[in-house]
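Working notes, beginning with the structure itself.
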Amino acid sequence: MIEVEDGGVSLGGRFVFRHLGFRLEAGQTLALLGRNGRGKTTLLRALLGLQRWAEGRARLDGSTGYVPQRTSTPFDFTVLEVVLTGRARHLGMLESPGVRDYDAAREALATLGMPDFEDRRIEELSGGERQLVFTARALASACDVLILDEPTSALDFHNQDMILSTLRRISRERGLTVVFASHYPQHALQIADQVLLMEGVEDHLFGPVDEIMTERHLSRLYEIPIRRVVLQPGSAGSVVPVFSS
Amino acid sequence: MSVMSESRTALPCAVVLAMAGLTGVAGADPITFTDQRGKLIELDAPAERVIVLPKPIPSMLIAVDGGIDRLIGLHPAAQAVLMEGLPGKLYPGIAEIDTSIVGEGFIPNVEAMLVAEPDVVIQWASRPEDRIDPMERVGITVVGFGYGSYEIEAEQIEIMGKILGREDRAAELLEWHRAVRENIDKVVSGIPEEDRTTMLFFDRFDSDELAVFGRNEFFFQVPAMRNLAFEAGLDQGTVTIDAEQLLKWDPEVILLNYYDPEADPQKVYDDPRFTGLQAVQNRRVYKTPKLDPGSHEAPLVWSWLATLAYPDAFDLDHRAEIAKQLEDMYGTAPDDGDLDSILQLSANGDSHRYGEHFGR
Amino acid sequence: MTRALRGQRLFWMVVAVVMPLAVVGSLAAGRYQVPFLNVLGILGGKMVGIGGAFPPTEVSVVELVRLPRVLAAMLAGAGLAIAGAALQGVFRNPLVGPQIIGVSSGAGFGGALAILLFGSAWATVGFAFVFGLLAILIVYLLSRMESQAPILLLVLAGVVTSAFFSALISLIKYVADPDNKLPAIVYWLMGSLASIGWVDILVLALPVTLGGLLIWGLRFRINVLSFGDEDARALGVHVERTRWLILVAVALISAAVVAVGGIIGWIGLVIPHFARALVGPSHDALLPASAVLGALYLLLIDDIARTATAAEIPLGILTALIGAPVFAFLLRRTYLTGWRRD
């Protein structure tokens with residue numbers, strides 16, 4: 001369970017956001033939507049404990065796993081070596097991964113449908129595959145809450161679909177709580193239970209997907225007209241921005 | 001060309017003239033000679049105020065002049081060395097002589113020089129643009145000294161005699177050099193090359209570094225010693241070698257420079273690495289005496305080395321000779337304690353036939 | 001078996017053959033002629049505890065001159081390479097090494113100061129260690145920006161720190177007694193193992209082993225840290241504490257090497273690259289491989305230093321002559337293949 005009450009974070013003396021509150025039950029998926037600079041990443045980092053709360057109260061039950069928007073190492077590790085680093089919290093300062101950790105890492109890779117990838121080098125992988133590897137790393141840490149920062153940025157449609165469907169699947173299979181930030185309202189529609197719209201420093205809208213993801217709310221959020229259309233009966237529908245030119 | 005009349009400032013000139021008048025040599029012929037950078041130097045009279053910057057030269061001045069009265073400035077390092085040795089004991093006044101006239105790298109402090117009002121400054125001839133030109137620009141007479149061979153050093157004694165008006169004493173010293181050389185040569189010239197004593201001269205011999213003299217110094221040549229480092233093709237002054245190279249060369253005699261405070265034959269004898277060396281087995285490791293082999297004192301070192309190299313061929317009274325010569329040079333004869341210290345009797349006492357030749 | 005493991009196995013098989021050859025070859029090489037069979041006999045006799053009938057000088061050459069020196073070269077080479085690999089890992093930057101990071105000049109200054117003031121081996125080690133650590137602390141503080149240490153800032157901070165300590169070294173040289181202390185300092189700074197004895201081996205072995213074991217224990221943490229501070233923190237790692245442990249270990253190793261052998265540059269910078277190309281970047285494989293390659297490399301360099309001419313060639317000169325061009329090449333290649341993203 002994640003609960004934030006009257007939360008605020010300030011950077012360099014100015015609030016990125018404040019008076020923010022929401023409550024997410026275990027096993028639910030939360031999408032953060034908002035324009036650039038509204039504090040999505042800051043909120044994720046605050047939930048992870050990488051950023052100090054300036055005010056308010058926050059509670060997060062269980063351990064977290066983080067898939068940053070972009071992460072890099074100058075070294076061309078193998079996929080297995082990368083996933084193993086997810087086991088760090090279970091190992092003492094001078095400990096190295098043992099059989100249990102290798103099993104956890106391999107299982108995480110298998111869960112994400114990449115059991116044959118362990119020997120590949122990360123530099124050889126596509127952007128989507130790399131994103132999956134870092135998701136596997138978070139899973140290998142046996143986290144209760146998975147936090148992803150724009151997991152689909154810079155990915156093509158196919159890879160976006162792959163990541164989203166994988167997230168939904170593992171969330172259900174493992175009862176995992178998922179929080180992700182995205183620039184695609186469509187993704188929230190696709191897999192989220194709850195949505196948090198971050199409009200201004202003190203303006204936030206939180207609630208179930210169906211209630212929040214209205215054309216009015218989204219148009220106000222992105223400051224351009226946005227339509228929701230149902231192209232295929234039974235689907236969640238599509239979010240279509242109406243660009244000004 | 002007269003350096004003096006050409007560029008001298010008025011004040012020192014007046015002082016010199018006044019002094020010259022007092023000592024009654026005003027009408028004497030000017031002194032001319034060529035210094036060791038090839039410049040013709042002309043002095044109206046023997047110098048009364050001399051500053052010496054090269055480190056080994058102040059003791060030469062004392063030896064030629066028989067005192068320190070005309071030495072008005074010297075290098076601080078030279079002052080320290082003199083104070084530690086016999087000259088400092090005989091002339092405590094050395095401690096009072098001005099050292100502010102020179103900085104790092106023998107760069108003169110020209111303003112301090114002007115205050116000191118020297119008649120002549122003796123300076124190294126190399127790097128004249130930094131070391132000499134600044135003084136000559138303000139009208140100071142500079143005599144350039146070179147280094148690197150015995151001929152140069154012998155000529156310096158001669159020049160020193162001219163500067164001080166003590167050519168008689170300089171000639172006496174050089175004649176003594178010649179005579180000692182001749183006596184040694186009589187004995188060693190007949191020794192064929194392959195029978196000559198091999199040696200290595202260590203500038204540093206301690207736990208961190210073994211550094212040998214690579215050049216074939218004149219003071220090795222006079223007593224007919226073969227410097228194995230030089231024969232192996234080394235030619236720099238000091239060269240670092242490793243223990244194995246020393247074992248390979250295996251010289252008959254090992255000499256340790258007295259400048260190295262850690263030098264001690266006993267350490268060489270005790271070092272397990274070197275037990276196989278013939279110099280160790282025959283106990284022919286010696287610390288050199290506190291005498292400068294590259295100066296007017298050189299003949300004392302030649303005799304010392306020749307005796308070590310060929311202990312059966314020489315039977316000289318070293319102690320008497322050293323006492324006499326040092327008395328001639330510095331005015332007072334060293335006592336037995338001084339001689340023991342100069343000859344490193346405590347360090348070398350256990351070495352081969354050392355006490356026999358050099359003991360009391 | 002994974003591909004990475006296959007590469008590592010091949011590497012260790014080659015090492016298992018090359019290493020003994022290199023050691024025996026180094027023990028057999030030298031200015032003093034010792035027949036090869038006698039070298040083997042002396043070593044073998046030593047091992048099984050029987051003294052053979054060999055000329056005593058040959059025995060002392062092998063046992064008292066070459067053996068300590070071979071050991072020292074290998075210890076120093078291994079230590080420097082491990083230290084370099086660890087630094088490159090925690091600074092997430094393949095272009096750092098003990099020298100770039102200023103720890104060598106810092107340790108060099110400490111050692112020179114100790115020679116000037118005391119002249120005892122233990123003081124040299126102690127001072128080299130304290131000032132090596134101080135240098136690394138300065139670089140670390142200078143290059144930190146918002147808890148990151150970007151490549152450019154890091155290299156610049158290293159340059160600044162090195163320059164500062166080099167100036168202090170010059171100052172020491174300036175005030176040192178030119179007849180006695182100065183040659184000792186100059187010679188020591190240029191790097192040499194020429195006069196290594198068994199005591200020096202102890203001075204070297206203790207800190208290098210200690211630092212090396214500490215770094216080896218932290219091998220997995222270095223992998224984690226190479227993803228960056230924030231990532232590592234999100235993975236539940238105490239970033240600062242781990243990094244400090246590594247820095248202390250690096251300072252310990254570098255200082256011991258500097259104290260015994262002077263400033264031997266470039267090994268920590270260059271060797272880990274070759275090791276990485278052979279066994280991959282993961283530090284559980286990289287650290288031992290770097291250690292072995294560093295040991296082999298310095299052994300070879302030291303063999304050249306002591307056998308090429310009658311005079312010793314300072315090690316610092318040889319390693320720089322080889323290391324600097326290699327570094328330039330790596331810098332260029334690294335830039336072109338996009339490690340720029342830091």
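Predicted, not measured: the structure shown is a model, and the values here were computed from it. Naming convention: chains lettered A, B, ... in sequence-line order (proteins, then strands); numbering from 1 in each chain.
Between Arg273(B) atom CZ and Thr57(C) atom OG1 the span is 13.5 Å, to the nearest 0.5 Å. Atom OH in Tyr187(C) sits 7.5 Å away from atom CG in Leu210(B) (nearest 0.5 Å). Separating the CD atom in Gln245(B) from the CD atom in Glu312(C) is a distance of 9.0 Å, to the nearest 0.5 Å. Here the CD1 atom belonging to Ile313(C) is positioned 11.5 Å from the OG1 atom belonging to Thr240(B), to the nearest 0.5 angstrom.
The number of heavy atoms from other shown groups lying within 6.0 Å of CD (Gln278(B)) is above 12. Residue Tyr150(B) qualifies as enclosed at atom OH: its count of foreign heavy atoms under 6.0 Å is above 12. In Tyr258(B), the OH atom is crowded: over 12 heavy atoms of neighbouring residues, nucleotides or ligands sit closer than 6.0 Å.
The two atoms that bring Ser60(C) and Pro272(B) nearest to each other are CB-O, 3.9 Å, heavy atoms only.
No side-chain heavy atom of Lys248(B) sits under 4.5 Å from any side-chain heavy atom of Gln33(C). Asp242(B) places a side-chain heavy atom less than 4.5 Å from the side chain of Arg69(C).
Annotation: maximal heavy-atom pairing with chain C below 4.5 Å, among Leu234(B), Leu247(B), Leu246(B), occurs at Leu247(B). Among the candidates Ala194(C), Ala311(C), Ala310(C), the residue making the largest number of heavy-atom pairs closer than 4.5 Å to chain B is Ala310(C).
With a 4.5 angstrom heavy-atom cutoff, Arg204(B) touches chain C only via side-chain atoms.
Of the candidates Val65(C), Val62(C), Val34(C), Val65(C) is the only one forming a side-chain contact (heavy atoms from CB on, under 4.5 Å) with Glu244(B).
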